[in-house]
Student: 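This is the structure I want to talk about, given as structure tokens.
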Amino acid sequence: MKDRRPLLGLSASLLFLLTACGGGGVSGLCDKLDDCNSLNGSVNECVETNEAILNNLPSSQKSDCERAIDACNELESCGNFVTCVGNLPC
């Protein structure tokens with residue numbers, strides 16, 4: 001099983017990216033994690049780490065992960081968002 005903590009930068013209690021809180025994709029994910037007080041480190045570190053991880057995935061897996069990230073980013077409540085991020089397939 002993959003260790004998802006680096007990908008998400010979430011608090012230790014959690015395993016594991018187009019909202020008003022930020023843009024879409026990894027940038028939006030990291031901004032929203034920060035807004036929801038679920039980010040370890042800085043937003044920039046989160047973006048850099050997650051973009052590097054995504055760039056190392058095969059293209060089909062990367063596309064699936066990016067779609068899942070965007071679906072999480074569309075959630076408004078922090079609780080639902082953090083749960084969604086915890087269930088990301090990448």
Student: S77: what forms a side-chain hydrogen bond (donor to acceptor under 3.5 Å, both in side chains) with it, not counting sequence neighbours?
Tutor: N80
Student: Can you tell me how far apart OG (S59) and CG (L54) are? Round to the nearest 0.5 Å.
Tutor: 12.5 Å
Student: Is a side-chain N or O of Q61 found less than 3.5 angstrom from the main chain of P58, in a donor-acceptor match?
Tutor: no
Student: Among N87, T83, L88, which one satisfies side chain to side chain contact (heavy atoms under 4.5 Å, CB included) with C72?
Tutor: L88
Student: Which residue pairs satisfy the salt bridge (Lys or Arg N to Asp or Glu O under 4.0 Å) criterion with at least one member in residues 55-64, sequence neighbours excluded?
Tutor: D64-R67
Student: Out of curiosity, C90 SG to I53 CD1, how far, rounded to the nearest 0.5 Å?
Tutor: 9.0 Å
Student: Please report the shortest heavy-atom distance between L33 and C46, naming the atom on each side.
Tutor: CD1-SG, 4.4 Å
Student: How far apart are the closest heavy atoms of L57 and C65, and which atoms are they?
Tutor: CD1-CB, 4.3 Å
Student: Has the side chain of D34 got a donor or acceptor atom that lies under 3.5 Å from a matching backbone atom of C30?
Tutor: no
